[in-house]
Amino acid sequence: MEEQSRRQRIVCIVGPTACHKTELSIELAKRISGEIVSADSVQVYFGMDIGSAKPTVEERQGIPHHLIDCLPINTPEFSASLFRQLAASAINDILLRGKIPIVVGGSGLYVNALTYPLGFAVPKDDTARENAICEYDHNAKMAYARLKSVDPITAARLHPNDKKRIVRALEVFDCSGQPLSGYGADFQNSEGREAPFEPIIIGLTMDREQLYARINLRVDLMMEHGLLAEARAIYDVNYDRTLPAMKSIGYQQLFAYFEGNCTLEEAVEKIKQDTRHFAKRQLTWFKRDERIVWHDVTSWDDQKNDLIEQLARDAQVWMKGKTP
RNA sequence: GCCUCGGUAGCUCAGUUGGUAGAGCAAGGGACUGAAAAUCCCUGUGUCGGUGGUUCAAGUCCACUCUGAGGCA
């Protein structure tokens with residue numbers, strides 16, 4: 001309890017893409033003297049502006065934004081762990097300046113990295129990963145069986161086809177001698193470690209059909225605002241296509257078009273489709289998080305003023321640390 | 001007017017010699033610890049266009065009918 005109250009508090013805004021997170025966060029920041037920390041795995045890259053729905057300088061209205069535009073596209077690897085380091089230092093800075101950090105984003109794992117005591121104890125090990133991939137490709141069943149014997153807890157969580165996670169779990173064991181589950185296998189703080197920050201989490205959601213309609217519309221707007229040229233510029237640089245940034249929605253589909261694998265119309269449809277699927281996955285992720293206080297913003301235009309006022313009060317109470 | 005081929009799940013279509021239907025996509029649900037806008041898993045009842053008939057049994061055969069596309073006049 002003593003430790004808990006000493007932990008630094010932050011405000012988080014989460015929810016699926018196209019759910020007014022950006023607008024809300026900026027309005028909130030204006031009222032409570034906040035600064036924004038983006039928890040978004042694509043907005044971190046320079047040059048991916050339209051497709052990642054980065055707020056423009058005008059939209060930011062002078063509110064400082066962190067973790068936007070801080071990596072080149074050809075960054076070979078970024079990770080939740082690295083995000084935590086960068087975001088944590090940004091947040092500490094903000095707090096030192098007496099401002100309120102507002103973490104806003106749709107990358108659920110990134111938010112959890114800041115608000116749960118996630119392990120991230122064993123860094124990526126290229127050799128061990130190579131070997132695990134070979135092992136899995138050679139005989140997936142046996143690779144899974146080995147994980148079962150070496151780390152039964154993680155194996156039980158994972159489906160035998162979940163190559164990426166099985167490989168990672170084997171990698172962790174092979175280079176550390178410890179099972180991945182030994183570093184804390186859940187989000188429930190069962191290991192008793194302390195999370196970096198203590199959040200109030202505001203969740204935005206809306207009627208599914210409405211959300212999908214907004215997504216479709218937003219993709220059309222992105223195209224009008226020059227997404228094609230933005231994607232083309234990135235395509236022309238000829239980056240390694242296995243780079244994480246190259247797989248972002250809105251870009252990979254247009255790359256397929258540039259390569260003649262589909263028409264432009266089909267590519268745009270695919271962007272909408274993939275964005276809808278993505279929004280659904282985000283909702284699944286956030287739904288199980290019982291810390292989130294949800295707000296249905298289906299009728300955003302009518303409710304936003306009241307909602308912003310209310311959330312500004314909630315956030316300020318939270319930051320003063322008066323736990324009920 | 002005649003001929004041909006269609007009409008089966010939200011969409012595109014399968015459906016063997018008659019045994020009350022099944023794939024892909026969409027959609028829904030779930031998972032998620034150094035790739036997370038990534039990756040992985042689960043879920044298919046629908047007046048088989050309609051009405052009658054043959055049959056123990058019809059999406060499947062027959063008749064009529066509605067409807068779409070194409071062809072010939």
Side-chain angles (χ1 to χ4, degrees), chain A residues 14 16-18 38-45 48 51-54 71 75-86 105-126 128-129 133 136 140 144 151 153-154 156-169 171-172 175-176 178-191 193 195 208-209 211-212 215 218-219 222 240-254 266 269-289:
Chain A
V14 301
T17 188
S38 163
D40 185 298
S41 64
V42 180
Q43 290 183 357
V44 292
Y45 296 107
M48 303 181 98
S52 72
K54 264 178 216 168
L71 297 174
T75 302
E77 49 197 59
F78 188 57
S79 64
S81 172
L82 189 52
F83 168 81
R84 178 167 66 183
Q85 289 175 34
L86 298 174
S107 298
L109 179 60
Y110 287 12
V111 175
N112 283 357
L114 290 172
T115 58
Y116 277 126
L118 298 191
F120 295 138
V122 182
K124 180 183 177 190
D125 182 298
D126 288 314
R129 183 168 297 188
I133 289 171
Y136 187 94
Y144 183 69
D151 184 353
I153 297 173
T154 300
R157 269 180 37 223
L158 300 179
H159 189 279
N161 291 355
D162 200 343
K163 173 175 171 179
K164 203 176 193 169
R165 294 195 175 80
I166 290 170
V167 164
R168 170 62 185 159
E171 170 194 335
V172 167
C175 66
S176 75
Q178 290 283 321
L180 177 61
S181 53
Y183 296 103
D186 54 46
F187 290 143
Q188 308 307 317
N189 195 11
S190 56
E191 297 299 297
R193 266 192 300 265
R208 188 68 66 92
E209 272 190 40
L211 178 63
Y212 285 1
I215 287 171
R218 193 169 75 163
V219 172
M222 285 177 177
D240 180 349
R241 290 291 280 280
T242 62
L243 289 166
M246 290 294 102
K247 295 186 175 169
S248 309
I249 295 173
Y251 301 94
Q252 52 150 313
Q253 296 84 354
L254 290 175
E266 285 166 346
E269 269 317 300
K270 191 73 168 42
I271 293 173
K272 293 176 183 175
Q273 188 81 72
D274 289 344
T275 308
R276 279 182 254 139
H277 285 160
F278 172 49
K280 189 159 124 58
R281 268 179 277 134
Q282 289 176 302
L283 282 167
T284 298
W285 177 283
F286 291 124
K287 247 190 268 179
R288 73 170 174 187
D289 191 334

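Chain naming here is simple, since letters A, B, ... match the order of the sequence lines and numbering starts at 1 in each. Note that the coordinates shown come from a computational prediction; the quantities given were computed from them, not determined experimentally.
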The residue, A:Ser79 or A:Gln253, whose nearest nucleotide of RNA chain B is more 5′ is A:Ser79

A:Trp285 side chain: which of B:A38, B:C40, B:A36 is closest?
B:A36

On a heavy-atom basis, the closest approach of A:Lys124 and A:Glu171 is CA-OE2, 3.3 Å

Write down the distance separating the P atoms in B:C3 and B:U43, rounded off to the nearest Å.
48 Å

Could you spell out the base pairing of RNA chain B in dot-bracket, with Watson-Crick or G-U pairs whose two distances are under 3.5 Å, [ ] crossing and | to another strand?
(((((((..((((........)))).(((((.......))))).....(((((.......)))))))))))).

Rounded to whole Å, please give me the gap between NZ in A:Lys270 and P in B:C25.
11 Å

Please give the distance between the P atoms of B:A63 and B:G22 as a whole number of Å.
29 Å

Should the side chain of A:Arg165 and the base of B:A38 be counted as holding a donor-acceptor pair, with the cut-off at 3.5 Å?
yes

Give me the ring orientation class for A:Phe78 and A:Phe83: parallel if the planes are under 30° apart, tilted from 30 to 60°, perpendicular past 60°.
perpendicular

Side-chain N,O (A:Asn161) to OP1/OP2 (B:C41) below 4.0 Å:
yes

Look for any protein N or O under 3.5 Å of an N or O in nucleotides 26-29 of chain B and output each such pair with its distance, or none.
| residue | atom | partner | partner atom | Å |
| --- | --- | --- | --- | --- |
| B:A26 | O3' | A:Gln273 | NE2 | 3.0 |
| B:A27 | OP1 | A:Gln273 | NE2 | 3.1 |
| B:A27 | OP1 | A:Arg276 | NH1 | 3.2 |
| B:A27 | OP2 | A:Gln273 | NE2 | 3.2 |
| B:A27 | OP2 | A:His277 | NE2 | 2.5 |
| B:G28 | OP1 | A:Arg208 | NH1 | 3.0 |
| B:G28 | OP1 | A:Tyr212 | OH | 3.3 |
| B:G28 | OP2 | A:Tyr212 | OH | 3.1 |
| B:G29 | OP1 | A:Arg208 | NH2 | 3.4 |
| B:G29 | OP2 | A:Arg208 | NH1 | 3.1 |
| B:G29 | OP2 | A:Arg208 | NH2 | 3.1 |
| B:G29 | OP2 | A:Lys280 | NZ | 3.4 |
| B:G29 | N7 | A:Lys280 | NZ | 2.6 |

Distance between the C1' atoms of B:U12 and B:G68, in whole angstroms?
16 Å

Looking only at the side chains, is there a donor atom on one of A:Thr17 and A:Arg218 sitting less than 3.5 Å from an acceptor on the other?
yes

If I take atom CZ in residue A:Arg168 and atom P in nucleotide B:A36, what distance separates them, rounded to the nearest angstrom?
13 Å

Quick one: label A:Asp125 by what it contacts on the DNA or RNA (base, sugar-phosphate, nothing), any heavy atom closer than 4.0 Å.
nothing

Could you pick out which residue, A:Ser107 or A:Leu158, lies toward the 5' side of RNA chain B when each is mapped onto its nearest nucleotide?
A:Leu158

